[in-house]
Amino acid sequence: MRIGFGYDVHRFVENRRLTLGAVDVPYIKGLEGHSDADVLLHAICDALIGAAGEGDIGKHFPDTSPEFKDISSLKLLRRVFLLLREKGFVVNNIDSTIVAQEPKLAGYIPEMIENIAVVLEMDNSAVNVKATTSEGLGFIGRVEGISAYALATIK
């Protein structure tokens, strides 16, 4: 069993969709980024890549590459899954946390879990997504952005 940890953060910007866990979440702002800026999926990708000892998300999907401009992070997660499978790994489980003062996310979590489980070809019960606030503290508390943490185990 191998364990990987992932973290990502993006700032809020105007005129952009907010996508988390490949779900479009209605909100007045979106997240800035080269891809769709899905912090949850980026953190999960990093955790999986790390568990396999394959570097980080920037190594595999550089933000200087036109290939990844505005790409769905679900496609990036699928590429990570295929890389792991090619190396002989199977994803055992994912545990993740989105940290956002706004918007409220509880109602979107089941769809996020489903999206992740389908792409990783695993049962929904092996994927956990949580959401919390920062209790008004820091850049998240000031509603400047969103961060996400993820742990992944692979065999």
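Here, residue 1 is the first one in the sequence, and each next residue gets the next number.
Taking each heavy atom of L120 and F81 in turn, the nearest pair found is O-CE1, 3.2 Å. Across every non-hydrogen atom of A47 and G6, the tightest pair is CB-N, 3.6 Å.
For the pair I44/V80, no side-chain contact is recorded, criterion being any heavy-atom separation below 4.5 Å from C-beta on. Side-chain contact between N128 and K130: present, with at least one pair of heavy atoms (C-beta onward) separated by less than 4.5 Å. For the pair L40/S96, a side-chain contact is recorded, criterion being any heavy-atom separation below 4.5 Å from C-beta on. No side-chain heavy atom of I116 sits less than 4.5 Å from a side-chain heavy atom of V118. When side chains are defined from C-beta on, I49 counts as touching H60, because their heavy atoms get closer than 4.5 Å. At least one side-chain heavy atom of N124 sits less than 4.5 Å from a side-chain heavy atom of E114. Between F89 and L83 the shortest side-chain heavy-atom distance does not fall below 4.5 Å.
Of the residues listed (V39, V99, D8), the one engaging I146 in a side-chain contact (heavy atoms from CB on, under 4.5 Å) is V39, and it is the only one.
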### Message
Using the rule given for side chain to side chain contact (heavy atoms under 4.5 Å, CB included), can you reason through M112 versus L20, listing the C-alpha separation, both sets of side-chain angles and the distance that settles it, and then say yes or no?
### Response
CA-CA 7 Å; M112 293 178 195; L20 297 169; 3.8 Å; yes
### Message
Run the side chain to side chain contact (heavy atoms under 4.5 Å, CB included) test on L84 and I154 for me, step by step, so that the C-alpha distance in whole Å, both residues' side-chain angles and the decisive distance to 0.1 Å come before the verdict.
### Response
CA-CA 9 Å; L84 267 61; I154 62 176; 3.8 Å; yes
### Message
Please determine whether side chain to side chain contact (heavy atoms under 4.5 Å, CB included) holds for the pair S35 and H42, giving the CA-CA distance in whole Å, both sets of side-chain angles, and the decisive distance to 0.1 Å.
### Response
CA-CA 10 Å; S35 67; H42 292 182; 3.1 Å; yes
### Message
Working note: S147 + I140, criterion side chain to side chain contact (heavy atoms under 4.5 Å, CB included); need CA distance, chi angles, decisive distance, verdict.
### Response
CA-CA 8 Å; S147 67; I140 292 171; 3.2 Å; yes
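Residues E121 and R78 are paired through a salt bridge, judged by an N-O separation under 4.0 Å between the basic side chain and the carboxylate. Ionic pairing of R11 and E32 is present here: one or more N-O contacts between side-chain nitrogen and carboxylate oxygen are shorter than 4.0 angstrom. Salt-bridge formation is detected for the pair D70/R16: a Lys NZ or Arg NE/NH1/NH2 atom is positioned less than 4.0 Å from an Asp or Glu carboxylate oxygen.
Under a hydrophobic clustering in which Ile, Leu, Val, Met, Phe, Trp and Tyr are joined whenever their side-chain heavy atoms come within less than 4.5 Å, directly or via other members, L31 and F68 fall into the same cluster. No single ILVMFWY cluster, assembled from side-chain heavy atoms under 4.5 Å apart, contains both M1 and L48. Linking Ile, Leu, Val, Met, Phe, Trp and Tyr whenever their side-chain heavy atoms come within less than 4.5 Å puts L82 and L41 in one cluster.
The side chain to side chain donor-acceptor pair (under 3.5 Å) search around E111 returns none, not counting sequence neighbours. Residues satisfying the salt bridge (charged side-chain N to carboxylate O under 4.0 Å, His left out) criterion with E67, sequence neighbours excluded, are R79.
Side chains of H34 and D63: no donor on one and acceptor on the other come within 3.5 Å. For the residue pair T19/D24, the side-chain donor-acceptor check at 3.5 Å is satisfied. In the model, N92 has a side-chain atom that pairs as donor or acceptor with a side-chain atom of T153 under 3.5 Å.
A donor-acceptor pair under 3.5 Å is absent between the side-chain atoms of S73 and the main chain of A37, judged by distance alone. For the pair D46 (side chain) and I57 (backbone), a donor-acceptor distance under 3.5 Å is present. Counting only distance, with no hydrogens or angles, the side chain of D38 and the backbone of G21 share a donor-acceptor pair below 3.5 Å. Judged by distance alone, with hydrogens and angles left aside, the side-chain atoms of R17 form no donor-acceptor pair with the main-chain N or O of V25 at under 3.5 Å.
To the nearest 0.5 Å, the span separating CD1 on I94 from CE on M122 amounts to 5.5 Å. Distance CD1/I28 to CG/L18: 10.5 Å, rounded to 0.5 Å. Here the NZ atom belonging to K29 is positioned 7.5 Å from the CZ atom belonging to F12, to the nearest 0.5 angstrom. One distance of note links CD1 of I71 with CG of L76; it measures 5.0 Å at 0.5 Å rounding. Distance check, rounded to the nearest 0.5 Å: CD1 of I98 to OG1 of T133 gives 13.0 Å. Rounded to the nearest 0.5 angstrom, D56 CG and E54 CD are separated by 11.0 Å.
Heavy atoms from other residues, nucleotides or ligands lying under 6.0 Å from NZ of K104 number 12 at most. More than 12 heavy-atom neighbours from other residues, nucleotides or ligands sit within 6.0 angstrom of NZ on K69.
The aromatic rings of Y7 and Y149 sit tilted relative to each other, their planes meeting at an angle between 30° and 60°.
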